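Computed from a prediction, not measured in an experiment: that's the story for all the values here.
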Amino acid sequence: MNLLKIFDQTFTHEKKFVFLILFELLESSEFEEMMPLEYSKLLSEFNSSLKYGSFRQLDLNSVLTRENKDSFIKIFESINSKRFNLISNDLNHVLKSKLFVNLDHKKVGRIIYEELQNKIYVTDIFNAILNGLKFETFYEVSIVSADELLGDWISVKETGQLRINYNMTDWMPIGSKVNLKIELFKEDYYKFICLATVRNYISGNVHLVKVYETNVQIKEGFFYHYHFQTNKLLYKKPIYEFENNTFKTTIHEYDFVFQRKDNT
């Protein structure tokens, strides 16, 4: 799983793209000249990932600010406009890059081949990056009212992404669907509670246990998540593809599709 982080939004994709994007960004003379500090920071992170042969996360937050966001947009737009002539389209050209001078080309070559052999259509990733930079979301959000989201929901497929540690308990999980309860808390705040189904292996009783809880505000197509005790803002997550009795959102870094429980 590859992750792209821009401010408080995370885009996930099963196919590889982190090496490709970092490589093209660091090959950009515009980036190096316009933003030398940011360039040096990302170069250091690139070299660290190269050392361990692991390119799974592109966290632009380490160099991105709202002050330099427009500069990043211009650089990514420039790279995107040349996407059909990218250096990464040719493995031999990649290996000759200034980024790999004095490195073991045999070792680097294996990493490059592994990272680029099944290269996805890069337009999708550049669009995701540019949308994330411009609009601070990777999704076309659904503008819905809180009243439309109140009630009980359940994820449409099994997923272990919110599984908790059941050691030192009398519980064993039954499946891995997530139950979501959205209910009024106070004024414009709502409880956002995720629950999992478990069986008490001593009594045999089946019930729900809480695995995730925040307070949320619902506005402009986003859940604004706040710590359930301190009410400190944690992050905002999109509400998207809301239709009839289903919607999508992200929890932590994972996408969920929820269906209204009354209709399951």
Side-chain angles (χ1 to χ4, degrees), residues 1-18 54-59 118 120 124-125 128 131-132 137-142 144 146 148-183 190-201 204-216 218 221-228 234-264:
M1 183 70 71
N2 285 262
L3 307 179
L4 168 65
K5 186 83 171 178
I6 292 178
F7 292 125
D8 53 5
Q9 284 282 301
T10 304
F11 172 86
T12 62
H13 203 294
E14 292 182 358
K15 296 184 179 178
K16 297 178 179 179
F17 67 85
V18 175
S54 177
F55 290 86
R56 292 193 177 90
Q57 179 167 304
L58 176 54
D59 188 351
N118 295 316
I120 62 172
D124 294 340
I125 297 302
N131 284 338
T137 179
F138 301 111
Y139 308 93
E140 184 176 344
V141 297
S142 300
V144 295
E148 294 175 276
L149 294 170
L150 290 175
D152 295 320
W153 304 79
I154 188 167
S155 59
V156 301
K157 64 180 181 180
E158 299 288 338
T159 172
Q161 291 162 340
L162 290 185
R163 189 180 294 279
I164 61 173
N165 186 351
Y166 292 100
N167 292 338
M168 307 302 291
T169 75
D170 296 332
W171 304 330
M172 60 179 294
I174 300 179
S176 53
K177 286 194 173 182
V178 175
N179 290 264
L180 170 63
K181 183 182 291 290
I182 301 176
E183 57 189 23
Y190 301 83
K191 282 292 182 184
F192 186 101
I193 302 172
C194 294
L195 307 108
T197 305
V198 298
R199 175 183 283 115
N200 186 308
Y201 58 76
N205 293 335
V206 174
H207 60 282
L208 294 171
V209 297
K210 192 182 300 181
V211 294
Y212 177 86
E213 177 183 357
T214 57
N215 304 329
V216 297
I218 300 168
F222 288 92
F223 289 115
Y224 285 76
H225 287 264
Y226 298 82
H227 191 277
F228 74 100
L234 301 173
Y235 35 68
K236 67 179 183 181
K237 297 294 183 182
I239 304 163
Y240 60 106
E241 295 186 28
F242 180 89
E243 186 175 359
N244 297 325
N245 290 291
T246 63
F247 73 92
K248 294 183 180 181
T249 191
T250 59
I251 302 173
H252 292 311
E253 297 171 338
Y254 302 104
D255 293 337
F256 284 84
V257 182
F258 287 105
Q259 184 177 49
R260 191 173 289 281
K261 214 168 181 180
D262 296 342
N263 294 277
T264 57

- Should we say atom OH of Tyr254 is surrounded by more than 12 heavy atoms from elsewhere, each under 6.0 Å from it? no
- Task: Give a yes or no on whether Glu140 atom CD has more than 12 heavy-atom contacts from other residues, nucleotides or ligands under 6.0 Å away.
- Result: no
At their closest point, which heavy atom of [X] faces which heavy atom of [Y], and how far apart are they?
{"X": "Lys261", "Y": "Leu208", "value": "NZ-CD1, 4.5 Å"}
{"X": "Gln9", "Y": "Lys237", "value": "NE2-CA, 3.9 Å"}
{"X": "Gly132", "Y": "Ile6", "value": "O-CG2, 3.6 Å"}

Can you measure from [atom1] ([X]) to [atom2] ([Y]) and round to the nearest 0.5 angstrom?
{"X": "Leu3", "Y": "Asp59", "atom1": "CG", "atom2": "CG", "answer": "9.0 Å"}
{"X": "Cys194", "Y": "Lys181", "atom1": "SG", "atom2": "NZ", "answer": "11.5 Å"}
{"X": "Glu183", "Y": "Asp152", "atom1": "CD", "atom2": "CG", "answer": "8.5 Å"}
{"X": "Met172", "Y": "Asn200", "atom1": "CE", "atom2": "CG", "answer": "11.0 Å"}

Between [X] and [Y], is any pair of side-chain heavy atoms under 4.5 Å apart?
{"X": "Leu150", "Y": "Tyr190", "value": "yes"}
{"X": "Phe192", "Y": "Tyr212", "value": "yes"}
{"X": "Val178", "Y": "Trp153", "value": "no"}
{"X": "His207", "Y": "Trp171", "value": "yes"}
{"X": "Val257", "Y": "Ser155", "value": "no"}
{"X": "Thr197", "Y": "Asn179", "value": "yes"}
{"X": "Ile251", "Y": "Leu162", "value": "yes"}
{"X": "Phe11", "Y": "Ile125", "value": "yes"}

- Answer yes when Lys177 and Glu158 have at least one side-chain N-carboxylate O distance shorter than 4.0 Å, and no when they do not. no
- Within 45° of the six-membered ring axis of Phe222 and under 6.0 Å from that ring's centre, is NZ or CZ of Lys236 located there? yes
Tell me whether the rings of [X] and [Y] are parallel (<30°), tilted (30 to 60°) or perpendicular (>60°).
{"X": "His225", "Y": "Tyr235", "value": "tilted"}
{"X": "Tyr240", "Y": "Tyr139", "value": "parallel"}
{"X": "Phe256", "Y": "Phe258", "value": "parallel"}

- Query: Between Asn2 and Lys15, is any side-chain donor less than 3.5 angstrom from a side-chain acceptor?
  - Reply: no
- Item | Polar contact flag, side-chain donor to acceptor under 3.5 angstrom, Thr10-Lys5 | yes
- Can you check whether Pro238's main-chain N or O pairs, donor with acceptor, with Thr249's side chain at less than 3.5 Å? yes
- With no hydrogens and no angle check, is any side-chain donor or acceptor of Lys16 less than 3.5 Å from a backbone partner on Phe55? no
- Note on the structure: Applying side chain to side chain donor-acceptor pair (under 3.5 Å) to Lys210 and not counting sequence neighbours gives Glu213
- Task: Just jot down the side-chain contact (heavy atoms from CB on, under 4.5 Å) partners of Val144, sequence neighbours excluded, or say none.
- Result: Ser142, Glu148, Leu149, Ile239, Phe242
- Query: Can Tyr226 and Thr214 be said to form a side-chain contact (heavy atoms from CB on, under 4.5 Å), step by step?
  - Reply: CA-CA 6 Å; Tyr226 298 82; Thr214 57; 6.0 Å; no
- Go through Thr12 and Asp255 one step at a time and tell me if the side-chain contact (heavy atoms from CB on, under 4.5 Å) criterion holds. CA-CA 8 Å; Thr12 62; Asp255 293 337; 4.1 Å; yes
- Given Val206 and Ile174, is the side-chain contact (heavy atoms from CB on, under 4.5 Å) satisfied, shown in steps? CA-CA 9 Å; Val206 174; Ile174 300 179; 3.8 Å; yes
